Amino acid sequence: MSTADTQEQEYEVAIIGGGIMGTALFSELVRAGINCVLLEASDDVSNGSTKGNSGIIHSGYDPMPNSLMAKFNVAGNKMYKAMCKRLSVGYKSCGTLVVAREEEKEKLNLLMERGKTNGVPSLKIITDPLLHQMEPNLIDEIKYGLYAPTAGIVSPYLVCVALAEEGVINGGIVLKEFLVDKAEKNSEYYTIYGNSGKENEKKVNAKYIVNCAGAGADKVNTIFGLPSTPCIYVKGVYILLDKSQNNFVHRPIFPLPTALGKGVLAIPTIHGNVMFGPTAHECEPFDTSVDVESLNEIKAKIATAVKQPNFRKTIKLFAGVRNKCGNDFVIKKAEQIEHYFYTLGIQSPGLTSAPAIAQYLCQELIKDGIKTKKIKLKVRKPYPDLTEMDAKSLKKVIKENPDYGKIICRCEGVSLGEIKDVLNSPLKPRTVDAVKRRIRTTMGRCQGSFCLPKIIKIISTVCDIPKEEVSLCGEGSEFIVGDIKQNGYFEKIKETKKMVKQVRKN
Amino acid sequence: MDIICIRCPIGCHLHIEKDKNNNVVVTGNSCPRGAEYGKQEMIAPMRTITTIKATKKGTISLRTSKDVPKKLYFEILKTIKDEPLKNSYKPNDIFIKNICNTDADITVTNVNEN
Amino acid sequence: MKTDVLVIGGGPAGIASAISASKTGAKTTIVEREYRLGGILNQCIHNGFGLHYFGVELTGPEYAQRFIKMLEDCENVTIKCNSSVTDISQDNNGEYNVQVTSPNGFEIIKAKSIILSMGCRERPAGAINLVGDRCAGIFSAGCAQSIVNLQGKMIGKRIVILGSGDIGLIMARRLTCEGAKVLGVYEIMDHCGGLARNVTQCLLDFDIPLHLSTTVTKVLGKKRVRGVTVAPVEMGKPIYEKEELIKCDTLLLSVGLIPETELLDKFNLEPLPVTSSFAVDEYLQTSKDGIFVAGNVLHVNDLVDNVSHEGERAGHYAGLFAQGKLTRQNAIEIKHDEHIRYTSPKYIYPGGEGEVPISFRVDKEYRKVSILVKSGNEIIARKPAPVVTAGELQILNVEKSKVKSDLNIVIESMIKE
């Protein structure tokens, strides 16, 4: 469908924001036969808080009883394993462990009680010798652990991508690089504009709007004429170690939570890395920069729970920003305008809660007049992962398509065939980071220093764009500025003489 | 002029100047090779130039077949840039003979296809 | 497929190993993931290679091609390009099973001995705690070199280089000649990491400033680098109060090399901590029989000529091992004083014929010293050195016949009191 066609069409629902909340809702509505468009500001889904969090599917002991967080956390947790199976994405039922010292035992018991009140099953307190058998890298002072077996870990951005793809293959539309900045309403529908007034202005018409724009949601509300809601933005920094450290912990380890949040954790990732974080400091809405103080804070805080990790194996530092609106989720139908719903403050446990909130919002939309339709569900296919195949399957796959035998990302074992599959996948990713989130190219121990030149070449060839247009994450983040000039130029700099003395310090 | 000798790892600090008879005098060296290097650097510094030329399918890497005067560095790069491409190359082909009258050739060292 | 010796990595160490192994009569296979042999030399278009080995200064590709020609002339050698090793295991009778993926298919090659010659990777931004934004425009120097030299494309217009090792210096020159403005090379240590010749030929020739005891403290830029902050360093710590902003669109990182040893992680070989690699004996064999290591993956070399010599040794002994002609007997550990950070090999077999080259690095610069190799109370080798630098790899040849019960390498000052 051409861009022009998609913009002329009137949709029943426009979802603003392609994070885990928006894509979960997108998939939910499309599967209910509702005609849906998802508007994403950046070059890909999952580009906001969804790609910068711990990837934990919480069991639900942490939120305050009777809060929306408690309700949707527990409900979402129950849905996750089956949802991941349906989407063919990984889910690891490793459980989580909140650890405590001798004097903190009471606090741990209170947490367990809270969990029971919230309806979390199977919580139990673990002591030694089992505790340190389960997690040998806990420090000796840790005597108790609250074990939540219904918790798990996922790749949060991959779940988000899979939900978006499921929606697209079943008839939903995703429009990327659509930064909503203007909205109008007539008696029939809303008209939503992106990049308004510019050359690449886009617009769509939709009867119902659901604002799931995360850190941008409050701004979007004001574009629709709603008042601004007081919220803050909280940055969480993480330190990621390479796969050689994958046995450091076997499940996410939490300190006791405080008023400030869940604290700094030790988290195994589903791909076999381990990471430490997040911090929690107020920041500007989209500031994902990492600072030295945060790194020091992470290292100091995890030392209260686990032994010293081998930080020399650090391969990446990153940060995500969550939108915090008081102490609970804000999930509302607007009073001032019709057919408009919004979510704010979808911080932790947002990842876990998203599918449950999506179901709830779908019900609210039906109450507001939307009709559903039964559709024949097309199943989302996973990207082939050659590292999971046995010898026989590998031989067959490579024989049918030799591109699967050409390894491009050596650290993560990704072949040319897999990269081409991703470039042709339903959302048609075009950037290095979008490809990375789907099949882990440049995520390994060399962080792309070997494969980036090849990936730029591949994206350029397969997507038929000049190398100068291949980018990290959309316009403005291109790698290549042009051809080699083959004739240099240089300006004389006064420091030359000073430098001679400096070069060899005696 | 003051430079660091690059003939061996010691890296003597050489001081080079012309005396009243216009002879080049080198001080600070620990051996004759250093004196020779210093003298050459003052009179006519020489360099081997290596570079790349883009081709239709990728690049070819090039070198001067021997040291050339440093002052011709960018002129040589420009001449290489302006030289039209042939259909194909292989290592050791002569790309340009006698570049800028230096008696050195530009030879192909490698062919890199995309 | 069965082979006697399997060489993993077709760069200079691998090619020399394969030539040498085949000369022992062993059936040799070399596996290389790129479409051609040569390894990193293919993108090192500058000269400075081969002065020791061939007596003439060559560019990287020229050096590689001479060795490739020698390899192609060998009998008994199979060359597999476009092939990646994904796993190595050992079966019950001691043979190694090496999984290889290529467009031709997936196969398991059985080998009696393997030589790991996969070189190094560059240290990434995350590993040096580089803070700030994570935008486009941050490249490791080798990655930039590949794009510029092999694809003919430019990666930026205003460039800051962090790290004064040779690769950073070489790229400073390359990028200037291809039209960029290199604003400066920043080095956290108080001395330059690269060779003096490269300071002259890459920085001074092009008026590119070198800032020692200075580091990049932060990267700024949402989508693409817009600037970096730099600060002077004292006792290894940046002085943030003296931070300065430099507007640029590219940051090149030349901050160290890490040996690619991960394929052998599962074997729990004896490590050599200072090098982040393995301890080997004089045959360049690891603590596991039949696994040999050569080149940058064993320790970062300065001269490719030495890499070739190392490869030749490893290939020779791996070839003998595969034919059942190599045994280990009575190894002694090579000890050293506190001025020396490590030696490779770590073990030597006393007595016998021939010489063993022992490589080592010192902990800081020494002038007017003598490097002594002692066995018992006897000095069996001595090398006077007007200067030894911390960065440079030193090599001493030791006669095996003179090695008795122990070996110790020490540094003595030649300046009399």
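Order of the sequence lines sets the chain letters (A, B, ...), proteins ahead of strands, with each chain counted from 1. Hydrogens, waters and symmetry mates play no part in the numbers below; they use all other heavy atoms, side chains included. If you're wondering where the values come from, they're calculated on a predicted model, not measured in any experiment.
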Is the closest side-chain heavy-atom distance between [X] and [Y] below 4.5 Å?
| X | Y | answer |
| --- | --- | --- |
| A:Lys406 | C:Ser102 | no |
| A:Glu468 | C:Lys153 | yes |
| C:Pro124 | A:Cys446 | no |

What is the minimum heavy-atom distance between [X] and [Y], and which atoms define it?
| X | Y | result |
| --- | --- | --- |
| C:Ile147 | A:Ile456 | CD1-CD1, 4.1 Å |
| A:Ile484 | C:Met154 | CA-CG, 3.7 Å |
| A:Leu317 | C:Gly126 | CG-O, 4.1 Å |
| C:Ala136 | A:Ser477 | CB-O, 3.2 Å |
| A:Leu452 | C:Phe139 | CD2-CE2, 4.1 Å |
| A:Thr288 | C:Lys222 | N-NZ, 4.1 Å |

inquiry  = Checking the side chain of C:Lys223 only, and the main-chain atoms of A:Cys473 only, is there a donor and an acceptor separated by less than 3.5 Å?
reply    = yes

Interchain contact, [X] with chain A, by part (heavy-atom threshold 4.5 Å):
| X | answer |
| --- | --- |
| C:Leu130 | backbone |
| C:Cys120 | backbone |
| C:Ser276 | side chain |
| C:Tyr35 | neither |
| C:Gln99 | neither |
| C:Ala127 | both |

Heavy-atom pairs under 4.5 Å with chain A - which of [options] has more of them than the others?
| options | result |
| --- | --- |
| C:Glu122, C:Arg174, C:Lys218, C:Arg134 | C:Arg134 |
| C:Val219, C:Val131, C:Asp133 | C:Val131 |
| C:Gly152, C:Ser84, C:Gly105, C:Ser164 | C:Gly152 |
| C:Thr101, C:Thr200, C:Ile108 | C:Thr101 |

query = On the ring face of A:Phe450, is C:Arg33 found with NZ or CZ under 6.0 Å from the centre and within 45° of the axis?
reply =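 Yes, C:Arg33 and A:Phe450 form such a contact.
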
Measuring from atom [atom1] of [X] to atom [atom2] of [Y], what distance do you get when rounded to the nearest 0.5 angstrom?
| X | Y | atom1 | atom2 | answer |
| --- | --- | --- | --- | --- |
| C:Asn129 | A:Asn296 | CG | CG | 8.5 Å |
| A:Ser449 | C:Leu257 | OG | CG | 9.5 Å |
| C:Glu178 | A:Lys485 | CD | NZ | 9.0 Å |

Is [X] atom [atom1] crowded by more than 12 heavy atoms from other residues, nucleotides or ligands, each under 6.0 Å away?
| X | atom1 | value |
| --- | --- | --- |
| A:Met389 | CE | yes |
| C:Arg36 | CZ | yes |
| C:Glu243 | CD | yes |

Heavy atoms only, distances under 4.5 angstrom: which of [options] has the most pairs with chain C? Name it, please.
| options | result |
| --- | --- |
| A:Val292, A:Asp403, A:Ile407, A:Asp483 | A:Asp483 |
| A:Ser294, A:Gly417, A:Ala319, A:Ser244 | A:Ala319 |
| A:Cys411, A:Pro402, A:Cys451, A:Gly413 | A:Pro402 |
| A:Lys313, A:Lys396, A:Arg312, A:Arg445 | A:Arg445 |
| A:Lys316, A:Arg410, A:Glu475 | A:Arg410 |

salt_bridge([X], [Y]) N-O dist < 4.0 Å:
| X | Y | result |
| --- | --- | --- |
| C:Glu34 | A:Lys454 | yes |
| A:Lys243 | C:Glu262 | no |
| C:Glu107 | A:Lys395 | no |

ask   = In terms of heavy-atom proximity below 4.5 Å to chain C, should A:Phe318 be classed as side chain, backbone, both, or neither?
value =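 Backbone plus side chain of A:Phe318, per the 4.5 Å heavy-atom cut-off to chain C.
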
task = Could you tell me which portion of A:Lys399 (side chain, backbone, both or neither) has an atom closer than 4.5 angstrom to a non-hydrogen atom of chain C?
result = neither

task = For salt bridge (Lys or Arg N to Asp or Glu O under 4.0 Å), just list the numbers for C:Arg224 and A:Glu478, CA-CA rounded to whole Å, side-chain angles, deciding distance to a tenth of an Å, and then say yes or no.
result = CA-CA 7 Å; C:Arg224 173 95 196 195; A:Glu478 293 80 7; over 6 Å; no

task = For A:Lys457 and C:Gln151, test the side chains for any donor-to-acceptor distance below 3.5 angstrom and give the result as yes or no.
result =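 No - no donor-acceptor pair under 3.5 Å links their side chains.
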
